[in-house]
Amino acid sequence: MSAASGGRGDGPARGDGPAWGDGTRSVRAGEPAPVPGAPLRPSPVFAAPYHLGDAPPRAGGADAYARTEHPTLRVFETAVGELDGGRCLSFATGMAAVSAAVLAVVRAGDRVVLPADGYFTTRLLAREELERFGLAVEYVPTPEIAAVAARGDLAGARMVVLETPSNPQLDVCDVVAVARATRAAGAVLAVDNTTATPLGQRPLELGADLTIGSDTKALTGHSDLLLGHVSTTDDALYDRIKAFRDHTGGTPGAFEAWLGHRSMSTLDLRLARQAATAAAVADLLAAHPAVTGVRWPWRPGDPSHALATRQMRRPNGVVSAELADEAAVRRLLAASRLWTAATSFGGVHSTVDRRAQWGGDAVPPGFVRLSCGVEDTADLVADLAAALDAR
(Lines give C-alpha, C1' and ligand atoms only; values in the text may rest on other atoms or scores of the structure.)
Protein backbone atom coordinates (compact mmCIF):
# COMPACT_ATOMS: atom_id res chain seq x y z
CA MET A 1 0.00 0.00 0.00
CA SER A 2 1.46 3.40 -0.90
CA ALA A 3 1.78 6.16 1.65
CA ALA A 4 -0.94 8.14 -0.07
CA SER A 5 -3.48 5.35 -0.34
CA GLY A 6 -6.41 4.71 1.92
CA GLY A 7 -6.89 1.36 3.60
CA ARG A 8 -9.53 -1.28 3.17
CA GLY A 9 -11.64 -1.90 6.20
CA ASP A 10 -12.02 -5.38 7.60
CA GLY A 11 -15.53 -4.85 8.88
CA PRO A 12 -18.71 -3.02 7.98
CA ALA A 13 -19.52 0.45 9.25
CA ARG A 14 -22.70 -0.68 11.02
CA GLY A 15 -21.89 -4.34 11.50
CA ASP A 16 -24.22 -5.70 8.81
CA GLY A 17 -22.73 -4.82 5.44
CA PRO A 18 -19.68 -5.46 3.25
CA ALA A 19 -16.07 -4.87 4.26
CA TRP A 20 -16.03 -1.20 3.39
CA GLY A 21 -12.88 0.85 2.95
CA ASP A 22 -11.51 3.45 5.34
CA GLY A 23 -13.14 6.38 3.57
CA THR A 24 -16.59 4.85 3.75
CA ARG A 25 -16.10 3.81 7.36
CA SER A 26 -14.91 7.28 8.35
CA VAL A 27 -18.01 8.90 6.89
CA ARG A 28 -20.62 6.32 7.87
CA ALA A 29 -19.43 5.20 11.31
CA GLY A 30 -21.96 5.86 14.03
CA GLU A 31 -24.80 6.78 11.70
CA PRO A 32 -28.24 5.47 12.61
CA ALA A 33 -30.46 3.79 10.05
CA PRO A 34 -31.86 6.39 7.62
CA VAL A 35 -35.31 7.80 8.37
CA PRO A 36 -37.16 9.80 5.68
CA GLY A 37 -37.17 13.49 6.59
CA ALA A 38 -34.45 13.13 9.25
CA PRO A 39 -31.05 14.85 8.90
CA LEU A 40 -28.20 12.79 7.49
CA ARG A 41 -26.40 13.25 10.78
CA PRO A 42 -28.10 13.82 14.15
CA SER A 43 -27.80 17.33 15.54
CA PRO A 44 -26.25 17.80 18.99
CA VAL A 45 -28.56 17.56 21.97
CA PHE A 46 -27.91 20.38 24.43
CA ALA A 47 -29.39 19.13 27.67
CA ALA A 48 -28.11 18.23 31.10
CA PRO A 49 -31.23 16.86 32.87
CA TYR A 50 -34.02 14.97 31.12
CA HIS A 51 -37.70 14.41 31.95
CA LEU A 52 -38.00 11.47 34.30
CA GLY A 53 -41.76 10.99 34.36
CA ASP A 54 -43.23 8.45 36.76
CA ALA A 55 -40.89 5.58 35.90
CA PRO A 56 -37.74 4.85 37.90
CA PRO A 57 -34.67 6.77 36.62
CA ARG A 58 -33.10 5.23 33.50
CA ALA A 59 -35.96 2.77 33.13
CA GLY A 60 -35.85 1.20 29.69
CA GLY A 61 -32.54 2.93 28.97
CA ALA A 62 -33.99 6.43 29.18
CA ASP A 63 -31.56 9.28 29.71
CA ALA A 64 -31.56 11.01 33.08
CA TYR A 65 -28.48 13.22 33.42
CA ALA A 66 -25.82 14.12 30.87
CA ARG A 67 -22.79 13.29 32.99
CA THR A 68 -23.73 9.62 32.89
CA GLU A 69 -25.70 9.26 29.63
CA HIS A 70 -26.14 11.48 26.62
CA PRO A 71 -27.42 10.76 23.09
CA THR A 72 -24.80 12.87 21.29
CA LEU A 73 -21.99 11.16 23.16
CA ARG A 74 -23.39 7.76 22.25
CA VAL A 75 -23.35 8.64 18.55
CA PHE A 76 -19.71 9.74 18.71
CA GLU A 77 -18.74 6.73 20.81
CA THR A 78 -20.47 4.35 18.42
CA ALA A 79 -18.55 5.88 15.51
CA VAL A 80 -15.14 5.69 17.18
CA GLY A 81 -15.87 2.23 18.54
CA GLU A 82 -16.62 0.98 15.04
CA LEU A 83 -13.23 2.20 13.85
CA ASP A 84 -11.44 0.79 16.90
CA GLY A 85 -13.27 -2.52 16.83
CA GLY A 86 -14.61 -2.25 20.39
CA ARG A 87 -16.92 -0.38 22.75
CA CYS A 88 -15.90 3.25 23.20
CA LEU A 89 -16.13 5.76 26.03
CA SER A 90 -15.46 9.43 25.27
CA PHE A 91 -13.66 11.88 27.55
CA ALA A 92 -13.17 15.61 27.75
CA THR A 93 -9.46 15.36 26.81
CA GLY A 94 -6.90 12.77 25.86
CA MET A 95 -5.33 12.96 29.32
CA ALA A 96 -8.74 12.41 30.92
CA ALA A 97 -8.92 9.20 28.87
CA VAL A 98 -5.40 8.13 29.90
CA SER A 99 -6.13 8.90 33.56
CA ALA A 100 -9.38 6.95 33.52
CA ALA A 101 -7.84 3.96 31.77
CA VAL A 102 -5.12 3.71 34.40
CA LEU A 103 -6.90 4.76 37.58
CA ALA A 104 -9.97 2.62 36.91
CA VAL A 105 -7.78 -0.48 36.75
CA VAL A 106 -5.00 -0.11 39.33
CA ARG A 107 -4.99 -0.12 43.12
CA ALA A 108 -2.51 1.14 45.70
CA GLY A 109 0.60 -1.01 45.70
CA ASP A 110 0.19 -2.20 42.10
CA ARG A 111 3.08 -2.11 39.64
CA VAL A 112 2.51 -0.10 36.47
CA VAL A 113 4.85 -0.11 33.45
CA LEU A 114 4.93 3.06 31.32
CA PRO A 115 6.94 4.11 28.25
CA ALA A 116 9.99 6.12 29.28
CA ASP A 117 9.84 7.98 25.97
CA GLY A 118 6.09 8.41 25.56
CA TYR A 119 3.90 11.46 25.95
CA PHE A 120 5.38 13.58 28.74
CA THR A 121 2.11 14.34 30.50
CA THR A 122 1.43 10.61 30.92
CA ARG A 123 4.75 10.33 32.72
CA LEU A 124 3.91 13.47 34.69
CA LEU A 125 0.63 11.85 35.75
CA ALA A 126 2.59 8.87 37.03
CA ARG A 127 5.25 10.87 38.85
CA GLU A 128 2.98 13.40 40.49
CA GLU A 129 -0.24 11.42 40.97
CA LEU A 130 0.16 7.64 40.69
CA GLU A 131 3.20 7.49 42.94
CA ARG A 132 1.35 9.67 45.44
CA PHE A 133 -1.27 6.91 45.64
CA GLY A 134 1.35 4.29 46.40
CA LEU A 135 1.75 2.71 42.97
CA ALA A 136 5.11 1.39 41.86
CA VAL A 137 5.82 2.91 38.43
CA GLU A 138 8.48 1.49 36.12
CA TYR A 139 9.61 3.23 32.94
CA VAL A 140 10.81 1.25 29.91
CA PRO A 141 11.83 2.79 26.55
CA THR A 142 9.48 1.87 23.71
CA PRO A 143 12.15 0.01 21.64
CA GLU A 144 12.96 -2.19 24.67
CA ILE A 145 9.52 -3.11 25.97
CA ALA A 146 9.11 -6.18 23.73
CA ALA A 147 12.45 -7.55 24.93
CA VAL A 148 11.48 -6.85 28.55
CA ALA A 149 8.23 -8.71 27.95
CA ALA A 150 10.02 -11.66 26.33
CA ARG A 151 12.28 -12.04 29.39
CA GLY A 152 9.22 -12.36 31.61
CA ASP A 153 9.97 -9.10 33.39
CA LEU A 154 6.30 -8.04 33.26
CA ALA A 155 5.40 -10.69 35.83
CA GLY A 156 3.77 -8.99 38.79
CA ALA A 157 2.70 -5.94 36.80
CA ARG A 158 -0.94 -4.93 37.03
CA MET A 159 -0.93 -2.69 33.97
CA VAL A 160 1.31 -2.00 31.01
CA VAL A 161 0.87 1.15 28.92
CA LEU A 162 2.39 1.42 25.45
CA GLU A 163 2.48 4.34 23.05
CA THR A 164 3.26 3.22 19.53
CA PRO A 165 4.46 5.01 17.51
CA SER A 166 5.90 6.85 20.49
CA ASN A 167 5.60 10.59 20.84
CA PRO A 168 7.80 12.42 19.92
CA GLN A 169 10.53 10.03 18.74
CA LEU A 170 8.29 7.70 16.69
CA ASP A 171 9.60 4.33 17.84
CA VAL A 172 7.28 1.37 17.25
CA CYS A 173 6.65 -1.44 19.70
CA ASP A 174 5.53 -5.00 18.91
CA VAL A 175 2.02 -4.97 20.39
CA VAL A 176 1.38 -8.65 19.68
CA ALA A 177 4.49 -9.73 21.60
CA VAL A 178 3.75 -7.50 24.56
CA ALA A 179 0.09 -8.55 24.61
CA ARG A 180 1.15 -12.19 24.79
CA ALA A 181 3.35 -11.41 27.79
CA THR A 182 0.78 -9.29 29.59
CA ARG A 183 -1.84 -12.02 29.23
CA ALA A 184 0.59 -14.52 30.72
CA ALA A 185 1.32 -12.11 33.57
CA GLY A 186 -2.36 -11.37 34.22
CA ALA A 187 -1.78 -7.69 33.46
CA VAL A 188 -3.95 -5.23 31.52
CA LEU A 189 -2.39 -3.85 28.34
CA ALA A 190 -3.38 -0.36 27.22
CA VAL A 191 -2.07 1.12 23.96
CA ASP A 192 -2.06 4.86 23.34
CA ASN A 193 -2.95 4.87 19.65
CA THR A 194 -3.03 8.65 19.19
CA THR A 195 -0.25 8.92 16.63
CA ALA A 196 -1.46 6.00 14.50
CA THR A 197 -5.25 6.68 14.77
CA PRO A 198 -7.84 3.86 14.50
CA LEU A 199 -7.34 3.77 10.73
CA GLY A 200 -3.60 3.36 11.05
CA GLN A 201 -3.54 0.70 13.75
CA ARG A 202 -6.05 -1.41 15.66
CA PRO A 203 -4.47 -2.40 18.99
CA LEU A 204 -7.50 -4.39 20.16
CA GLU A 205 -7.05 -6.77 17.23
CA LEU A 206 -3.37 -7.07 18.12
CA GLY A 207 -4.22 -8.28 21.62
CA ALA A 208 -4.45 -5.10 23.69
CA ASP A 209 -7.14 -4.85 26.36
CA LEU A 210 -7.61 -1.10 25.91
CA THR A 211 -6.88 1.39 23.16
CA ILE A 212 -6.62 5.07 24.07
CA GLY A 213 -6.74 8.13 21.84
CA SER A 214 -6.26 11.85 22.23
CA ASP A 215 -8.90 12.77 19.69
CA THR A 216 -7.78 16.38 19.89
CA LYS A 217 -5.15 15.36 17.37
CA ALA A 218 -5.50 13.49 14.08
CA LEU A 219 -8.82 11.75 14.68
CA THR A 220 -10.72 15.05 14.65
CA GLY A 221 -7.82 16.90 13.05
CA HIS A 222 -8.84 20.56 12.93
CA SER A 223 -7.09 21.93 16.04
CA ASP A 224 -10.32 23.34 17.42
CA LEU A 225 -11.45 21.00 20.20
CA LEU A 226 -10.30 18.77 23.05
CA LEU A 227 -11.49 15.14 23.15
CA GLY A 228 -10.28 11.71 24.13
CA HIS A 229 -11.54 8.15 24.21
CA VAL A 230 -10.92 4.64 25.48
CA SER A 231 -12.17 1.53 23.65
CA THR A 232 -12.21 -2.09 24.73
CA THR A 233 -13.75 -5.46 23.89
CA ASP A 234 -13.82 -6.43 27.58
CA ASP A 235 -17.23 -5.71 29.11
CA ALA A 236 -15.89 -5.72 32.67
CA LEU A 237 -13.21 -3.16 31.81
CA TYR A 238 -15.78 -1.06 29.96
CA ASP A 239 -18.08 -1.04 32.99
CA ARG A 240 -15.24 -0.17 35.35
CA ILE A 241 -13.97 2.72 33.22
CA LYS A 242 -17.48 4.04 32.64
CA ALA A 243 -18.11 4.00 36.38
CA PHE A 244 -14.87 5.90 36.92
CA ARG A 245 -15.90 8.48 34.32
CA ASP A 246 -19.38 8.80 35.82
CA HIS A 247 -17.95 9.29 39.30
CA THR A 248 -15.14 11.69 38.40
CA GLY A 249 -16.95 13.69 35.73
CA GLY A 250 -14.62 13.47 32.74
CA THR A 251 -17.50 13.49 30.26
CA PRO A 252 -17.10 15.75 27.20
CA GLY A 253 -19.68 18.30 26.17
CA ALA A 254 -22.32 17.61 23.55
CA PHE A 255 -20.97 20.13 21.06
CA GLU A 256 -17.44 18.74 21.31
CA ALA A 257 -18.71 15.19 20.72
CA TRP A 258 -20.83 16.29 17.76
CA LEU A 259 -17.96 18.31 16.28
CA GLY A 260 -15.63 15.37 16.76
CA HIS A 261 -17.98 13.03 14.91
CA ARG A 262 -18.37 15.52 12.08
CA SER A 263 -14.62 16.09 11.84
CA MET A 264 -13.61 12.42 11.76
CA SER A 265 -15.57 11.97 8.53
CA THR A 266 -12.54 13.29 6.63
CA LEU A 267 -9.98 11.21 8.54
CA ASP A 268 -9.20 8.93 5.60
CA LEU A 269 -8.68 11.88 3.24
CA ARG A 270 -6.57 13.80 5.73
CA LEU A 271 -4.36 10.83 6.58
CA ALA A 272 -3.72 10.10 2.92
CA ARG A 273 -2.52 13.67 2.20
CA GLN A 274 -0.56 13.88 5.44
CA ALA A 275 1.19 10.57 4.81
CA ALA A 276 2.10 11.50 1.23
CA THR A 277 3.59 14.75 2.49
CA ALA A 278 5.40 12.99 5.35
CA ALA A 279 7.08 10.62 2.90
CA ALA A 280 8.32 13.55 0.81
CA VAL A 281 9.35 15.58 3.87
CA ALA A 282 11.27 12.64 5.36
CA ASP A 283 13.18 12.21 2.08
CA LEU A 284 13.96 15.92 1.93
CA LEU A 285 15.19 16.05 5.52
CA ALA A 286 17.26 12.88 5.21
CA ALA A 287 19.09 14.32 2.18
CA HIS A 288 19.78 17.73 3.73
CA PRO A 289 23.21 18.32 5.32
CA ALA A 290 21.75 20.47 8.10
CA VAL A 291 19.47 17.68 9.37
CA THR A 292 20.19 14.45 11.23
CA GLY A 293 18.21 11.71 12.96
CA VAL A 294 15.20 11.70 10.64
CA ARG A 295 12.47 9.35 11.86
CA TRP A 296 9.32 8.26 10.04
CA PRO A 297 8.46 4.60 10.63
CA TRP A 298 7.28 4.05 7.06
CA ARG A 299 10.52 5.20 5.49
CA PRO A 300 12.76 2.31 4.34
CA GLY A 301 15.81 2.26 6.57
CA ASP A 302 14.00 3.61 9.62
CA PRO A 303 14.71 1.42 12.68
CA SER A 304 10.98 0.78 13.07
CA HIS A 305 10.18 0.28 9.37
CA ALA A 306 9.87 -3.52 9.32
CA LEU A 307 7.65 -3.63 12.39
CA ALA A 308 5.56 -0.62 11.37
CA THR A 309 4.75 -2.01 7.94
CA ARG A 310 3.82 -5.36 9.49
CA GLN A 311 1.79 -4.06 12.42
CA MET A 312 0.24 -0.83 11.19
CA ARG A 313 -2.46 -0.60 8.55
CA ARG A 314 -1.28 2.69 6.99
CA PRO A 315 1.22 5.51 7.66
CA ASN A 316 0.68 8.83 9.40
CA GLY A 317 1.88 12.37 8.89
CA VAL A 318 4.30 12.95 11.79
CA VAL A 319 8.06 13.15 11.17
CA SER A 320 10.81 13.86 13.68
CA ALA A 321 14.33 15.13 13.02
CA GLU A 322 17.19 17.04 14.58
CA LEU A 323 18.60 20.40 13.56
CA ALA A 324 21.88 21.75 14.90
CA ASP A 325 20.43 23.71 17.79
CA GLU A 326 17.65 25.98 18.97
CA ALA A 327 18.89 28.84 16.78
CA ALA A 328 18.65 26.64 13.68
CA VAL A 329 15.03 25.87 14.49
CA ARG A 330 14.31 29.59 14.93
CA ARG A 331 15.86 30.37 11.55
CA LEU A 332 13.83 27.64 9.90
CA LEU A 333 10.57 28.96 11.31
CA ALA A 334 11.41 32.57 10.51
CA ALA A 335 12.10 31.66 6.88
CA SER A 336 9.06 29.43 6.39
CA ARG A 337 5.68 30.67 5.19
CA LEU A 338 3.76 27.41 5.56
CA TRP A 339 5.28 25.63 8.58
CA THR A 340 3.94 27.14 11.81
CA ALA A 341 5.43 26.92 15.29
CA ALA A 342 2.85 25.07 17.38
CA THR A 343 2.53 22.09 19.66
CA SER A 344 0.15 19.14 19.23
CA PHE A 345 -0.06 17.33 15.88
CA GLY A 346 -2.40 15.74 13.37
CA GLY A 347 -4.21 18.90 12.31
CA VAL A 348 -4.86 20.36 8.87
CA HIS A 349 -2.08 22.96 9.35
CA SER A 350 1.56 21.93 9.03
CA THR A 351 3.46 22.64 12.24
CA VAL A 352 6.91 22.39 13.78
CA ASP A 353 7.33 21.77 17.50
CA ARG A 354 10.77 22.10 19.13
CA ARG A 355 10.21 19.59 21.89
CA ALA A 356 13.04 20.63 24.22
CA GLN A 357 11.31 23.94 24.92
CA TRP A 358 8.69 22.10 27.00
CA GLY A 359 11.03 20.00 29.13
CA GLY A 360 10.35 16.39 29.99
CA ASP A 361 11.53 14.76 26.74
CA ALA A 362 15.11 13.51 26.59
CA VAL A 363 15.81 15.16 23.23
CA PRO A 364 18.47 17.62 22.03
CA PRO A 365 17.71 21.37 21.76
CA GLY A 366 17.34 21.13 17.97
CA PHE A 367 14.98 18.14 17.95
CA VAL A 368 11.72 18.91 16.13
CA ARG A 369 8.46 17.11 15.55
CA LEU A 370 6.93 18.03 12.21
CA SER A 371 3.21 17.47 11.78
CA CYS A 372 2.30 17.45 8.10
CA GLY A 373 -1.02 19.09 7.35
CA VAL A 374 -3.24 18.88 4.31
CA GLU A 375 -1.76 21.73 2.28
CA ASP A 376 -0.38 20.77 -1.13
CA THR A 377 2.59 18.44 -0.74
CA ALA A 378 4.66 20.24 -3.37
CA ASP A 379 4.12 23.60 -1.67
CA LEU A 380 5.09 22.26 1.74
CA VAL A 381 8.22 20.54 0.46
CA ALA A 382 9.35 23.57 -1.52
CA ASP A 383 8.74 25.90 1.41
CA LEU A 384 10.59 23.62 3.84
CA ALA A 385 13.52 23.22 1.47
CA ALA A 386 13.83 26.99 1.09
CA ALA A 387 13.57 27.50 4.84
CA LEU A 388 16.32 24.94 5.50
CA ASP A 389 18.62 26.72 3.07
CA ALA A 390 17.92 30.20 4.46
CA ARG A 391 20.70 31.93 6.32
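Arg245 and Thr68 share no donor-acceptor pair across their side chains, judged by distance under 3.5 Å alone. Arg270 and Thr266 form a side-chain donor-acceptor contact under 3.5 Å, judged by distance and modelled atom types alone. Between the side chains of Thr194 and Ser214, no donor-acceptor pair of N or O atoms lies under 3.5 Å. Asn167 and Thr195 share no donor-acceptor pair across their side chains, judged by distance under 3.5 Å alone. No side-chain donor-acceptor contact under 3.5 Å links Gln169 and Ser320. Defined by atom type and a distance below 3.5 Å, a donor-acceptor pair is missing between the side-chain atoms of Thr220 and Asp215.
Taking Phe255 as the reference, Trp258 meet the ring pair (Phe, Tyr, Trp, His ring centres under 6.0 Å) condition, with sequence neighbours excluded.
Formation of a donor-acceptor pair under 3.5 Å by the Asp302 side chain with backbone atoms of Ser304 is found in this model. Thr182 places a side-chain N or O within donor-acceptor distance of the main-chain N or O of Val178, the cut-off being under 3.5 Å.
Here the closest non-hydrogen pair linking Ala328 and Leu323 is O-CD2, 3.7 Å. The minimum heavy-atom distance between His70 and Ala254, with the atom names listed, is CE1-CB, 3.5 Å. Counting all heavy atoms, side chain and backbone alike, Thr164 lies closest to Ala196 at O-CB, 4.4 Å.
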**Message:** Let's go through Asp234 and Thr232 carefully: what are the C-alpha distance in whole Å and the side-chain angles of both, what is the deciding distance for side chain to side chain donor-acceptor pair (under 3.5 Å) to 0.1 Å, and is it a yes or a no?
**Reply:** CA-CA 5 Å; Asp234 186 310; Thr232 183; 5.5 Å; no
**Prompt:** Going through the distances and angles, do Leu135 and Arg158 end up as a side chain to side chain contact (heavy atoms under 4.5 Å, CB included)?
**Reply:** CA-CA 10 Å; Leu135 281 90; Arg158 171 60 178 151; over 6 Å; no
**Request:** Apply side chain to side chain donor-acceptor pair (under 3.5 Å) to the pair Asp171 and Thr142, showing each step before the final yes or no.
**Result:** CA-CA 6 Å; Asp171 281 306; Thr142 297; over 6 Å; no
**Item:** Steps toward side chain to side chain contact (heavy atoms under 4.5 Å, CB included) verdict (Asp283, Arg299)
**Value:** CA-CA 8 Å; Asp283 286 344; Arg299 187 171 186 270; 3.0 Å; yes
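For residues 101-111, the set of pairs meeting the salt bridge (Lys or Arg N to Asp or Glu O under 4.0 Å) definition, not counting sequence neighbours, comprises Arg111-Glu138.
Within the 4.5 Å cutoff, the side chain of Ser265 has no heavy atoms near those of the Ser26 side chain. Thr197 places a side-chain heavy atom less than 4.5 Å from the side chain of Leu271.
Taking the ring centre of Phe367 as origin, the terminal cationic atom of Arg355 falls outside the region bounded by 6.0 Å and 45° from the ring axis. Within the cation-pi definition used here (under 6.0 Å to the ring centroid, within 45° of the axis), Lys242 does not qualify as a partner of Phe91.
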